[in-house]
Visitor: 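Here's a structure for you.
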Amino acid sequence: MATKEQAMMPSTIETIDLAIYKLINETFDLHTKTNTGFKKVPVLWMSPERSVNSKDKEIRDSVGKLKLPLITIDRTRLISRKIAQGPTRKFASSESGQFNGQQNYPIDNKKIVYEETYAPIPVWVTVNYSINLRTEYQQQMNDLMTPFATKTGLINAL
């Protein structure tokens, strides 16, 4: 019997994000009753480019408010970067003392030290997502919550 090679897509941030989006939008395929009938609930990807979503006429009414029900997905954490307060404070204090003669005089500090977390190419990565379900009525929330409770991904789940 001959073996067959099968190419696998690499796991990148984009493919992981796309997988979670497809899980919610296509696999769960969430529908609920609304004032206009039974309809599919729109799924929005929340990103820094939110201006695209803010101009979408299908999800907003005439005054710009979001039409409910609505599902939003947001990647909350992958790699972290934060300001190292100790070294940054030392640079600011030193510079303030040189120019103003006063140690902690307020200045516009340009020397900011960042503490960044890097990792080698991972075998396993943990990505946190926030999935928000927004509805007008309790029955709509019940309709949207059911697949999250029943489609667990375990071996006996259908």
Side-chain angles (χ1 to χ4, degrees), residues 3-61 63-92 108-158:
T3 59
K4 181 181 176 185
E5 288 188 25
Q6 184 176 356
M8 294 184 68
M9 288 184 60
S11 291
T12 62
I13 296 171
E14 184 178 358
T15 58
I16 295 169
D17 289 348
L18 184 61
I20 194 73
Y21 179 80
K22 283 185 174 182
L23 173 73
I24 304 300
N25 193 40
E26 296 171 12
T27 305
F28 285 179
D29 195 29
L30 300 168
H31 288 74
T32 191
K33 293 178 187 174
T34 65
N35 295 341
T36 59
F38 193 72
K39 71 171 198 167
K40 182 173 178 17
V41 180
V43 179
L44 297 180
W45 182 263
M46 301 304 288
S47 68
E49 297 85 24
R50 288 187 211 163
S51 62
V52 175
N53 288 341
S54 67
K55 297 173 185 167
D56 189 353
K57 299 295 181 192
E58 291 182 23
I59 61 166
R60 297 194 177 267
D61 62 10
V63 293
K65 292 183 181 178
L66 292 172
K67 293 180 189 175
L68 299 178
L70 180 67
I71 300 171
T72 59
I73 304 172
D74 185 21
R75 182 181 352 105
T76 55
R77 185 172 49 155
L78 185 63
I79 297 174
S80 66
R81 176 182 176 194
K82 64 181 181 178
I83 295 176
Q85 293 184 0
T88 302
R89 188 180 318 114
K90 287 180 184 176
F91 277 123
D108 185 24
N109 183 25
K110 302 288 186 203
K111 297 178 182 178
I112 299 174
V113 180
Y114 290 101
E115 182 179 311
E116 296 181 347
T117 306
Y118 290 99
I121 297 174
V123 175
W124 187 265
V125 64
T126 301
V127 183
N128 295 339
Y129 291 94
S130 173
I131 300 170
N132 296 309
L133 308 174
R134 300 173 189 200
T135 63
E136 290 181 289
Y137 306 108
Q138 183 65 43
Q139 183 59 43
Q140 291 174 338
M141 183 60 74
N142 292 342
D143 291 342
L144 298 181
M145 286 295 297
T146 302
F148 289 96
T150 59
K151 294 183 181 180
T152 60
L154 299 176
I155 194 166
N156 293 329
L158 297 175

Visitor: Distance from Q140 atom CD to L68 atom CG, nearest 0.5 Å?
Guide: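 Those atoms lie 8.0 Å apart.
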
Visitor: Using a 6.0 Å cut-off, check whether atom NZ of K39 has over 12 heavy atoms from anything other than its own residue.
Guide: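 Yes, because the 6.0 Å sphere around NZ of K39 holds more than 12 heavy atoms from other groups.
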
Visitor: Tell me, do W45 and N25 make a side-chain contact under 4.5 Å, heavy atoms counted?
Guide: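 W45 does not reach N25 side chain to side chain.
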
Visitor: State which residues pass ring-ring contact (aromatic ring centres under 6.0 Å, His included) with F38; sequence neighbours excluded, sorted by chain then number.
Guide: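 Scan of F38 (ring-ring contact (aromatic ring centres under 6.0 Å, His included), adjacent residues dropped) gives H31.
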
Visitor: Using side-chain heavy atoms (C-beta onward) and a distance below 4.5 Å, is R75 in contact with I13?
Guide: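 Result yes, sub-4.5 Å side-chain heavy-atom pair found.
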
Visitor: For K90, does the NZ atom sit with more than 12 other heavy atoms under 6.0 Å from it, leaving out its own atoms?
Guide: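 Not more than 12 within 6.0 Å, no.
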
Visitor: List the residues meeting ring-ring contact (aromatic ring centres under 6.0 Å, His included) with F148, not counting sequence neighbours, and say none if there are none.
Guide: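 Testing F148 for ring-ring contact (aromatic ring centres under 6.0 Å, His included), a comparison that skips the adjacent residues, returns F28.
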
Visitor: At what distance, to the nearest 0.5 angstrom, does CZ of R89 lie from CD1 of I83?
Guide: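 Here the rounded value is 12.0 Å.
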
Visitor: Once rounded to the nearest 0.5 Å, what's the spacing between atom CG of L70 and atom CD1 of I59?
Guide: 6.0 Å

Visitor: Minimum heavy-atom separation for P69 and T34, please, with both atom names.
Guide: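 Smallest heavy-atom distance, with atoms named: CD-CG2, 3.8 Å.
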
Visitor: For M145, which residues count as a side chain to side chain contact (heavy atoms under 4.5 Å, CB included) partner, sequence neighbours excluded?
Guide: L133, M141

Visitor: Once you round to the nearest 0.5 Å, how far does CG of L30 lie from OG1 of T146?
Guide: 9.0 Å

Visitor: Between K40 and D29, is there a salt bridge with N-O shorter than 4.0 Å?
Guide: yes

Visitor: My understanding is that only residues two or more places apart in sequence, or in another chain, count here; which of them pass side-chain hydrogen bond (donor to acceptor under 3.5 Å, both in side chains) with R134?
Guide: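 Scan of R134 (side-chain hydrogen bond (donor to acceptor under 3.5 Å, both in side chains), adjacent residues dropped) gives none.
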
Visitor: Just so I know, are the side chains of Y129 and D17 near enough to count as touching, which here means a heavy-atom distance under 4.5 Å?
Guide: yes

Visitor: Within the supplied structure, the quantity of interest is the number of heavy atoms (other residues, nucleotides, ligands) at a distance under 6.0 Å from E14 CD; does it exceed 12?
Guide: no

Visitor: Could you measure the distance from the CG atom of D74 to the CG atom of L44? Nearest 0.5 Å is fine.
Guide: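 Between atom CG of D74 and atom CG of L44 there are 11.5 Å.
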
Visitor: Backbone N or O of S130 within a donor-acceptor pair of the T76 side chain at under 3.5 Å?
Guide: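 Side chain of T76 to backbone of S130: no pair is present.
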
Visitor: Considering residues at least two apart in sequence or located in another chain, which fulfil the side-chain hydrogen bond (donor to acceptor under 3.5 Å, both in side chains) criterion with Y21?
Guide: none

Visitor: Please identify each residue that fulfils side chain to side chain contact (heavy atoms under 4.5 Å, CB included) with L18, with sequence neighbours left out.
Guide: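 Here the qualifying residues are K22.
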
Visitor: Any donor-acceptor pair under 3.5 Å linking the side chain of T15 with the backbone of T12?
Guide: yes

Visitor: Donor-acceptor pair, distance only, cut-off 3.5 Å: does the side chain of T32 make one with the backbone of D143?
Guide: no

Visitor: What's the shortest heavy-atom distance between K67 and R60, and which atoms?
Guide: CE-O, 3.2 Å

Visitor: Could you check I131 against T72 for side chain to side chain contact (heavy atoms under 4.5 Å, CB included), going step by step and ending with a plain yes or no?
Guide: CA-CA 6 Å; I131 300 170; T72 59; over 6 Å; no

Visitor: For the CZ atom of F91 and the NZ atom of K110, what is their distance to the nearest 0.5 Å?
Guide: 15.5 Å

Visitor: So T135 and L144, do their side chains get closer than 4.5 Å, heavy atoms only?
Guide: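 In contact.
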
